[in-house]
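By convention in this document, chain letters (A, B, ...) are assigned in the order of the sequence lines, proteins followed by strands, and residues within each chain are numbered from 1.
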Amino acid sequence: MNQGLPQPILVHDTFTAAKRELELREPGRCGVYCCGPTVYDLCHVGNARAAVVPDVIVRFLRHQGLQVKYVRNVTDIDDKIIARAQAEDVPAMAVAERYADEYGRDMAALGNLEPDVAPRVSGHLPEIVEMIERLLARGLAYVADGDVYYRVAAFAEYGKLGKRRPEDLLEGAGSRIEVDARKESPLDFALWKAAKPGEPAWDSPWGPGRPGWHIECSAMCGKHLGETFDIHCGGRDLIFPHHENEIAQSQGAYGPGTFARYWLHNGFIDFAGEKMSKSLGNFFTTREVLALHDPETVRYFLLTVHYRSGLNFDVRVDCPACGAELDREAQDQGRCAACGAEPGREALRARVRFPGLEEADDRLAYVYATLAGARRLLHEAAAVPPPAPGELLPAFCEHMRNDFNTGGALGTLSRPLAEANTLLAATKGVDKAARLQWLAGFVADMDQVAAILGCFGADPEDWLRRRRGRRAATAGLDIRRVEALLAARREARAAKDWARSDAIRDELSALGLTVKDGPEGTSWDFA
RNA sequence: GGCGGCAUAGCCAAGUGGCUAAGGCGACGGUCUGCAAAACCGUUAUCCCCGGUUCGAGUCCGGGUGCCGCCUCCA
């Protein structure tokens, strides 16, 4: 069937546990829902990945010509928000408002497109209540003391997404699942929670209260994407119970065969090989990482591996006193085993480095330097022939069509980038028109790659300038002193005083810089 | 205990049964350079183990081993 796509796209669907060809509910159109954050604190890097992944998927689907409606919710009613509000003695909605803003800032910094709709739970109480009433009417839910629970036993499909059998789940009921006398079964989950004194509450047929965690997504999907839509995204950990429960609710309300047609789940981010947890060495907010690296570098790094794989952030901390690399234990103790210094955990945390991101930053700089060179050459040319259709974009898209394989797609760029640099360096023996034509095609293709990835799209010169400025700032470098040294070295080189020239270069390299002497003069960068 | 995932070079990593197993980092050799740096070129793996299916398997099936995750809030 024609899907309104130039070529078929394969997607890995969690429900069927297999790669399937994307068949749209309506050719040419695609509805995408992404489970967004619960806004009770600054978002962490895992949240960033969970947003970048669907963002790239949406960008690619649009690039392939689909009309995409992208919905990413914000959970602004939740126990953790209430807990934080009570701790700070402010209204819960104020907490939610604040962190929803912060989330928006982080997402924008990372280059994520605005979703078409960013619904909030607090704006969908009527839809939620209506859905619960539907479930009650169908015998799939029951009221107990102002709470409403989903009757899991009444939904035969329960457990299919998460590959779980209700019997197995019940086995560990005593220890794993909190037993609540009001529930018919320990597996039943809350659709509506009666408000306790002091908690924010909304009116409902069952008394004042608030929605359970899962029902919001079912209700918001229904409202903004319809009873059935194409793609539902989220982190792996949401498969069970969150997405399982969404299916139970939505199919319970709308009938079999409704709701999301494809379930896409992204893998976790680890720090230093461990799942994030709130101990020193392996929990980082997006904000913290963005303070150390260009947001585009972070985005690029997130896209270097396939979205379903785990992604490890190496964490490196060196002792401020002796420079020794500290292991995890030393980091937790805030003490250097090599020299005995005790800088403390906080001081060490301030010295954290992410080698993977540093490598990614270098790679991005290479790409931008190549683009800068190509653009400069094209700009200087009197006449540029129309771009030659290259192989870059088709090869790139072939990987993207295979379950949005950004890692594989990025790999296809290496050859063309090297080729571009070869052409840029070639001064003789190349056909000038052919060279310009190839480079024009390269730049045109890279523009499209940039639109798909949300990377490589900045002005190359600006990006490289920003990078140097950022690194100069973190290194506490005095640019004027660097300029003075470079001027002195230029003089020495003009006089062919190599000894002095090299001495100045040594001085610069002691500052952590490297100089490059090219035909168009000397440039410098960080080593 | 139940369920799921992963195992590819020194490190990271792509691989939709079939030509010489992408790519990046690192290392080594070379071109360029006053010397360097950058850039470019080249070298750097038979895919955890055992068995099976197949004309053909890193890719499918079974059994091991080892990591990791979920089953409780979690992206």
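Distance from the side chain of A/Lys275 is smallest for B/C70 among the nucleotides B/C70, B/C73, B/U16. Residue A/Ala418 places its side chain closer to B/C41 than to any other of B/C41, B/A75, B/G4.
Rounded to whole Å, atom C1' of B/G69 lies 14 Å from atom CG of A/Asn312. Residue A/Leu417 contributes atom CG, which lies 11 Å from atom P of B/C41 at whole-angstrom precision. Taking atom CG of residue A/Leu357 and atom C1' of nucleotide B/C25, one finds them 14 Å apart after rounding to whole Å. Atoms CG (A/Asp525) and C1' (B/A39) sit 14 Å apart, rounded to a whole Å. What separates CG of A/Leu170 from P of B/C3 is a distance of 15 Å, to the nearest Å.
Side-chain contact of A/Asn47 with A/His44: a donor-acceptor pair under 3.5 Å is present, judged by distance alone.
Residue pairs satisfying the salt bridge (charged side-chain N to carboxylate O under 4.0 Å, His left out) criterion with at least one member in residues 393-404 of chain A, sequence neighbours excluded, are listed as follows: A/Arg308-A/Asp403. Listed by first then second residue, pairs satisfying ring pair (Phe, Tyr, Trp, His ring centres under 6.0 Å) with a partner in residues 500-527 of chain A read A/Trp524-A/Phe526, not counting sequence neighbours. For residues 508-517 of chain A, the salt bridge (charged side-chain N to carboxylate O under 4.0 Å, His left out) pairs, not counting sequence neighbours, are A/Arg489-A/Asp517, A/Arg493-A/Asp517.
One finds no salt bridge joining A/Asp502 and A/Arg500 here, because no Lys/Arg side-chain nitrogen approaches an Asp/Glu carboxylate oxygen to under 4.0 Å.
Take A/Pro295 and apply the side-chain contact (heavy atoms from CB on, under 4.5 Å) test, not counting sequence neighbours, and it matches A/Ala109, A/Leu290, A/Arg470. Under the rule for a side-chain contact (heavy atoms from CB on, under 4.5 Å), the partners of A/Ala450 that lie at least two apart in sequence or sit in another chain are A/Phe456. Remark: A/Tyr70 engages no residue in a ring-ring contact (aromatic ring centres under 6.0 Å, His included) (not counting sequence neighbours). For A/Glu483, there are no side chain to side chain donor-acceptor pair (under 3.5 Å) partners two or more places apart in sequence or in a different chain. Every residue two or more places apart in sequence or in another chain that forms a side-chain contact (heavy atoms from CB on, under 4.5 Å) with A/Asp445 is listed here: A/Leu392, A/Leu393.
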Between protein and nucleotides 17-20 of chain B, what N or O pairs are separated by less than 3.5 Å?
none

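A/Glu491 CD: 12 or fewer foreign heavy atoms inside a 6.0 Å radius. Remark: A/Gln448 CD is packed, more than 12 non-hydrogen atoms of other residues, nucleotides or ligands lying under 6.0 Å away.
Between A/Phe155 and A/Tyr150, the ring planes are perpendicular. Angles over 60° get that label, and only those under 30° would be called parallel.
Residues from residues 402-416 of chain A that place a heavy atom under 4.0 Å from any atom of RNA chain B, listed by number: A/Asn402, A/Asn405, A/Gly407, A/Gly408, A/Gly411, A/Ser414, A/Arg415.
A/Gly373 comes within contact range of no nucleotide atom at all, as no heavy-atom separation falls under 4.0 Å.
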Fill in: For RNA chain B, the dot-bracket pattern of Watson-Crick and G-U pairs whose distances stay under 3.5 Å, | for other-strand partners
(((((((..(((.....[....)))((((((.......))))))...(((((..]....))))))))))))....
Fill in: Sugar-phosphate or base contact per nucleotide [nucleotides 30-38 of chain B; S, B, -; heavy atom under 4.0 Å]
----BBBBS
